[in-house]
Amino acid sequence: MKFGLYGLHRDRSVEPGVLVRRARLAEEAGFESLWVGDHIALPAGEGNPPRLEAMVALTYLAAVTSRVRLGVGLIVLPQRQPVLLTKQLTSIDVLSGGRLTVAVGAGYVEPELHAMGVSLAERGARTDEYLAAMRALWDGAPSFAGRFVSFSGVVQHPSPVQRPHPPIVVGGHSAAAFRRAVRQGSGWYGWGLDVEGTGEVLRALAETARGERRPAGLGELEITITPPGRPDLDTVRRYADLGVDRLIIELEGIDDDAVDGVIASVGDTLAGQS
């Protein structure tokens, strides 16, 4: 089982010194990956803490760590310009020495999508087309023609360290997300799922896989879950028995004064499972 940590781009961690200290503490504790989320403009009110922009936060994390993988998830793909995003992701992969993992989703916050010029009805189609355009750029194709994005006579250099591109993980609990993960993803990411809920989703993914063609080059679908709360060692083993490959621990709801202790305690769990 691999362990990730989500949330260093939010709350008090937006202070540079705090972000650096916690990132390095997590790396030393044995976390496999650090993850940041992608919300650009959320509705006013509660549940909207200070947060750093995802690409900027990952670049900063790449500079202050040396071993831990860096994950962005979920990128709300329809609200990102895919040619620019491809360049940003490649740059982070290069600067981090090939440590980037990219998780994408179609989004669900309608006011945010509208603020970025995207309708809710188009989000699925944009997600699939943007993924295709990004892969074309990573493959060195000089042109792409789609409904939402087109380019001709351009290429991008350098290439990512990870070839042909950083791993693409697909998030979301809908049937469309399951199909997208099977067809296009190195992995699938589920948010807020307990052991029982994870089992139900994995059965649905398996059923989807029986009806979809998965490219052989993608290999086996890696399963990543953010559980509710902090799992104990027995719960970690139950997730592993289901076939979960990675658990990402969420920091939201933890008092800021307790965050460093939580990072260290999960490190103890890591040591206990080895």
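Note: hydrogens, waters and symmetry copies are ignored here, and every other heavy atom, side chains too, is used. Residues take their numbers from the sequence shown, with the count starting at 1.
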Are side-chain heavy atoms of [X] and [Y] found at a separation under 4.5 Å?
X      : Y      : result
Asp11  : Arg51  : no
Ser159 : Trp138 : no
Asp245 : Thr224 : no
Arg238 : Glu196 : yes

Between [X] and [Y], is there a side-chain N and carboxylate O pair less than 4.0 Å apart?
X      : Y      : result
Glu27  : Arg22  : no
Arg67  : Glu28  : yes
Arg210 : Glu207 : yes
Arg80  : Asp38  : yes
Lys2   : Glu222 : yes

Each residue besides [X] in its hydrophobic cluster should be listed here, by chain and number; the cluster joins Ile, Leu, Val, Met, Phe, Trp and Tyr at side-chain heavy-atom distances under 4.5 Å.
X      : result
Val109 : Leu42, Tyr108
Trp35  : Tyr6, Leu74, Val169, Tyr189, Trp191, Ile248
Met116 : Ile40

Give a yes-or-no answer on whether the side chains of Asp232 and Thr235 include a donor-acceptor pair shorter than 3.5 Å.
-> yes
Looking at residues at least two apart in the chain, or sitting in another chain, which of them share a ring pair (Phe, Tyr, Trp, His ring centres under 6.0 Å) with His173?
-> Trp188
CZ/Arg213: more than 12 non-hydrogen atoms of other groups inside 6.0 Å = no
Taking it one step at a time, do Arg180 and Leu131 satisfy side-chain contact (heavy atoms from CB on, under 4.5 Å)?
-> CA-CA 10 Å; Arg180 191 173 294 122; Leu131 280 172; 4.1 Å; yes
Acceptor/donor pairs from residues 141-157 side chains to any protein atom, 3.5 angstrom cut, sequence neighbours excluded:
| residue | atom | partner | partner atom | Å |
| --- | --- | --- | --- | --- |
| Ser150 | OG | Gly146 | N | 3.2 |
| Ser150 | OG | Gly146 | O | 3.3 |
| Gln156 | NE2 | Val83 | O | 3.0 |

Verdict with supporting geometry, Glu200 and Arg203, salt bridge (charged side-chain N to carboxylate O under 4.0 Å, His left out) = CA-CA 5 Å; Glu200 292 175 6; Arg203 287 188 287 274; 5.0 Å; no
With sequence neighbours left out, what residues match Arg21 under salt bridge (Lys or Arg N to Asp or Glu O under 4.0 Å)?
-> Asp260
Dump the intermediate steps for side-chain hydrogen bond (donor to acceptor under 3.5 Å, both in side chains) on Arg99 and Ser33, then the final yes or no.
-> CA-CA 9 Å; Arg99 292 187 282 140; Ser33 49; over 6 Å; no
Flag yes if Leu251 and Leu25 sit in one hydrophobic cluster, no otherwise; membership is Ile, Leu, Val, Met, Phe, Trp, Tyr, and two members link when side-chain heavy atoms are under 4.5 Å apart.
-> yes
Would you say Ser13's side chain and His9's backbone share a donor-acceptor pair under 3.5 angstrom?
-> no
Quickly, which of His114, Glu112, Arg123 forms a side chain to side chain donor-acceptor pair (under 3.5 Å) with Gln79? Name it, please.
-> Glu112
